[in-house]
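Okay, structure first, notes after.
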Amino acid sequence: MRSVMLSEVVSVLSRIRATASKNEKIFIAADFLASVPRDQLADTARLMIGQLLPSDFGSPGIGFADLKAVRDITLQKSLFSERLTVARVAEAFKTISSISGRKARQRKASVLRGLLIDATREEIEFLLGCMTGDVRAGFSEGLLIEAIAKASGREASAVREMFGILTDVGRVADAVLGGGDKGRAAVLEPMRPVKLMLAEPSMNIRQALASVSLPAAVEYKLDGIRVQIHISRDQIRIFSRRQTDVTDALPEIVEAVRAVSVSSAILDGEVIAFTDKPLPFQEVMRRVTREKDVMGEAERTPVRLFLFDVLYLDGEPLIDLAYEERIERLKRIAPAELLVPRKIIASEADAERFLEKSLSEGHEGVLIKSLKGIYQLDRRSADWIKVKEHITIDAVVIGAEWGHGRRSNWLSNYHLGVKSRDGFVMVGKTFKGVSDAELKRLTDLLLMEVEEDHGSWVKVRPNIVLEIAFNEIQRSPKYPSGMALRFARVVRIREDKSADDVTTEEELRRIMQQQFLSKAERMK
DNA sequence: CCTGTCTGCCC
DNA sequence: ATTCTGC
DNA sequence: GCAGAATGGGCAGACAGG
């Protein structure tokens, strides 16, 4: 049986990159996949979207910082022989990811060099691109799944659901195109983490209700970590949104789940840090990433679980049931104190009141959910819509970075300053919320203000003012003001304003302190 | 042993 | 995570 | 409406280097 060469993948991808048409990309990819021998499908499919390892395999553990030297050395010696196979590439990266301990970086780099020494220039650029997320062929997970469907003659929606269960494109390619009984592995069952359903963002209640029919459900939106809880008899595992096992970091959540009376289940919910009120996201983040002294951290930072869905119960998948039916089951099995606050609403005013209530208790916002919607794995559909609070300020640009990819020729990442006693202090960066036209305009404006040219970025005189929206002010260990804007985005360019008009450091600090107060404290 | 940097993964 | 753009 | 691209702050842990 033939071996698939890395050069084939690279050349297929350059054809895919060359067309803007999604259908054409899918067609080229499907055609290629149809020619790949079964035993190499998984590795080939992953490589086509720049993935070097199965999604549950861990990661190479060698990144941007180590790559430049490797690239320069190997480019000089490269032999142009086109002899690397996809299988050898996959093997090498499994080895690299397994290396740890003393001098691990050097040892990883040397395995990588051993691989790249046999690669052509194009192959080297491709493999390093895979490691830095720089492949840029306009071809990713979604289109690959469509290509797998096309190559097999199956419905794209069925293949997509399979991906939601298997969570790895290689396994999907195997199951769909590999023949045999591999397809049977694609069933929902406890202890195998899946891709969760996501919500579509919306500016406000009115806009959200434009796409959900009434009556609908509203739920508090909690600012924590999304979790899927798998129960099988006395076993309980907690996985994150991206299928990381976080059970060991959350012992009290495991205990709380013992109150759920089922033989088997997959539950969906959010874990937040909580005392008598919700604590900032950073607190729960500390909990889930903790491995040492978990118990000590658990005492300092209590967490709570709030469940909002059930995907599987007592041997039966529930994802094809309507939301209202799933919630009925959830209420039957879980104690009320583990359920996210929710309500059925019949009007926009109901929804607004519930949002106000959620915010006044210190939560992030609300989700509006269609009563009839099924649970769609790995989909962001209009059946779930999220509405979050945001704040806007005026900030002045004090620096800017040159963009990459389609933003190559523009200053695209703006350093934001607010006014302090002497000058301006930086409170974050943003590249979001800017249309191509604004990108051009801002580049022109900023180039007139350049004070220092640092190559990849410029320091500018503080004359360009932007209206900035953000969700929260975080405590920052990095910025001297101790504050950073979370999810900052540009609302508009304020050519009518000057640096004198921008928000002050004191104002920002006041807003931050407000966030940390409970409802009762805020009323004072 | 201490500190700084990198990485992966939460949002 | 959020936002914009092209299909 | 969907998919992809471009890039944010901050957390712990792993490793590098003195």
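Here is how names work: the chains are called A, B, and so on, in the same order as the sequence lines, proteins then strands, and each is numbered from 1. Please read these numbers as outputs of a predicted model, since none were measured by experiment.
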Next item on the list: Name the nucleic acid region contacted by A:K388, choosing base, sugar-phosphate or nothing; use a 4.0 angstrom heavy-atom cut-off, strictly under.
Entry: sugar-phosphate
Notebook entry, point to check: If we ignore angles and hydrogens, is there a donor and acceptor under 3.5 Å between the side chains of A:T503 and A:E507?
Noted result: no
Check: Can you check the A:M285 CE to D:dG10 P distance for me, whole Å?
Finding: 12 Å
Notebook entry, point to check: Which nucleotide in the set C:dT2, D:dG10, D:dG4 lies at the smallest distance from any side-chain heavy atom of A:K432?
Noted result: C:dT2
Check: Would you say a side-chain N or O of A:K386 is under 4.0 Å from OP1 or OP2 of C:dT2?
Finding: yes
Check: Is the shortest heavy-atom distance from the side chain of A:L196 to the side chain of A:L377 under 4.5 Å?
Finding: no
Note to self: Without decimals, in angstroms, what is the distance between A:D378 CG and D:dA3 C1'?
What the structure shows: 12 Å
Check: When all nucleic acid strands are considered with a 4.0 Å heavy-atom cut-off, which category describes A:G101: base, sugar-phosphate, or nothing?
Finding: sugar-phosphate
Notebook entry, point to check: Is it true that A:F239 and A:H230 have ring centroids separated by less than 6.0 Å?
Noted result: yes
Next item on the list: Supply the atom-to-atom distance A:L222 CG to A:F308 CZ, rounded to the nearest 0.5 angstrom.
Entry: 8.0 Å
Margin query: Considering every strand and a 4.0 Å limit on heavy-atom distances, what is the contact class for A:V490: base, sugar-phosphate, or nothing?
Written below: nothing
Next item on the list: Round to the nearest Å and state the distance from A:D223 atom CG to D:dG9 atom C1'.
Entry: 13 Å
Note to self: Using whole Å, what does the distance between atom C1' of nucleotide D:dG4 and atom CZ of A:R379 come to?
What the structure shows: 14 Å
Next item on the list: Have a look at A:T430 and say if it touches a base, only the backbone sugar-phosphate, or nothing, with a 4.0 Å heavy-atom cut-off.
Entry: nothing
Note to self: Nearest to the A:F281 side chain among D:dG9, D:dG13, D:dC15, which nucleotide is it?
What the structure shows: D:dG9
Checklist line | Nucleotides bounding contact with chain A, strand DNA chain B, heavy-atom threshold 4.0 Å | finding: B:dC6 to B:dC11
Checklist line | Proximity to the side chain of A:A20 - top-ranked nucleotide from D:dG8, C:dC7, D:dA12 | finding: C:dC7
Next item on the list: Indicate, yes or no, whether a donor-acceptor pair under 3.5 Å links the base of D:dC2 to the side chain of A:K22.
Entry: yes
Check: Looking at D:dA6, D:dC11, C:dC7, which one has an atom nearest to any side-chain atom of A:Q282?
Finding: D:dC11
Check: Using a cut-off of 4.0 Å on non-hydrogen atoms, how would the nucleic acid contact of A:A199 be classed: base, sugar-phosphate, or nothing?
Finding: nothing
Next item on the list: Please state whether the rings of A:F274 and A:H363 are parallel, tilted or perpendicular, taking 30° and 60° as the class boundaries.
Entry: parallel
Next item on the list: Measure from the ring center of A:W457 to the ring center of A:Y414 and say whether it is less than 6.0 Å.
Entry: no
Notebook entry, point to check: Does the side chain of A:K25 reach to within under 4.5 Å of the side chain of A:R15, using non-hydrogen atoms?
Noted result: no
Margin query: Using a heavy-atom cut-off of 4.0 Å across all strands, would you classify A:R136 as base, sugar-phosphate, or nothing?
Written below: sugar-phosphate
Check: D:dG13 phosphate, OP1 or OP2: any side-chain N/O from A:T289 under 4.0 angstrom?
Finding: no
Note to self: Output the rounded distance in Å from CZ (A:F139) to P (C:dC7).
What the structure shows: 17 Å
Check: Given that A:I99 and A:E200 both sit by DNA chain D, which one's nearest nucleotide is further toward the 5' end?
Finding: A:E200
Item checked: Spacing between A:L485 atom CG and C:dA1 atom C1', to the nearest angstrom -> 14 Å
Item checked: Any side-chain donor near an acceptor of the partner, A:N23 and A:S21, under 3.5 Å -> no
Next item on the list: Indicate whether OP1 or OP2 belonging to C:dA1 is found under 4.0 Å from a side-chain N or O atom of A:N471.
Entry: no
Notebook entry, point to check: Tell me: CD1 of A:I272 to C1' of D:dC11, nearest whole Å?
Noted result: 18 Å
Checklist line | Polar side chain donor-acceptor pair, A:Y375 to A:D268, under 3.5 angstrom | finding: yes
Next item on the list: Give one of base, sugar-phosphate or nothing for A:R160, where a contact means two heavy atoms less than 4.0 Å apart.
Entry: sugar-phosphate
Notebook entry, point to check: 5'-most contact on DNA chain D: A:W402 or A:R286, nearest heavy atom basis?
Noted result: A:W402
Next item on the list: State whether A:R489 places a side-chain N or O below 4.0 Å from either non-bridging phosphate oxygen (OP1 or OP2) of C:dT3.
Entry: yes
Next item on the list: Indicate whether the side chain of A:S381 and that of A:Q376 have a donor and an acceptor atom separated by less than 3.5 Å.
Entry: yes
Check: Which part of the nucleic acid does A:N23 contact within heavy-atom distance under 4.0 Å: base, sugar-phosphate only, or nothing?
Finding: nothing
Item checked: Nearest to side-chain heavy atoms of A:S435, which nucleotide of C:dT5, D:dG13, D:dA3 -> C:dT5
Check: Which is true for A:K429 with a 4.0 Å heavy-atom rule: it touches a base, it touches only sugar-phosphate, or it touches nothing?
Finding: sugar-phosphate
Check: Does OP1 or OP2 of D:dG9 have a side-chain N or O of A:K478 closer than 4.0 Å?
Finding: yes
Next item on the list: Figure out the CD/C1' separation between A:E146 and D:dG4, and round it to whole Å.
Entry: 13 Å
Next item on the list: Name the closest nucleotide to the A:S100 side chain, picking from D:dC2, D:dC15, D:dG10.
Entry: D:dC15
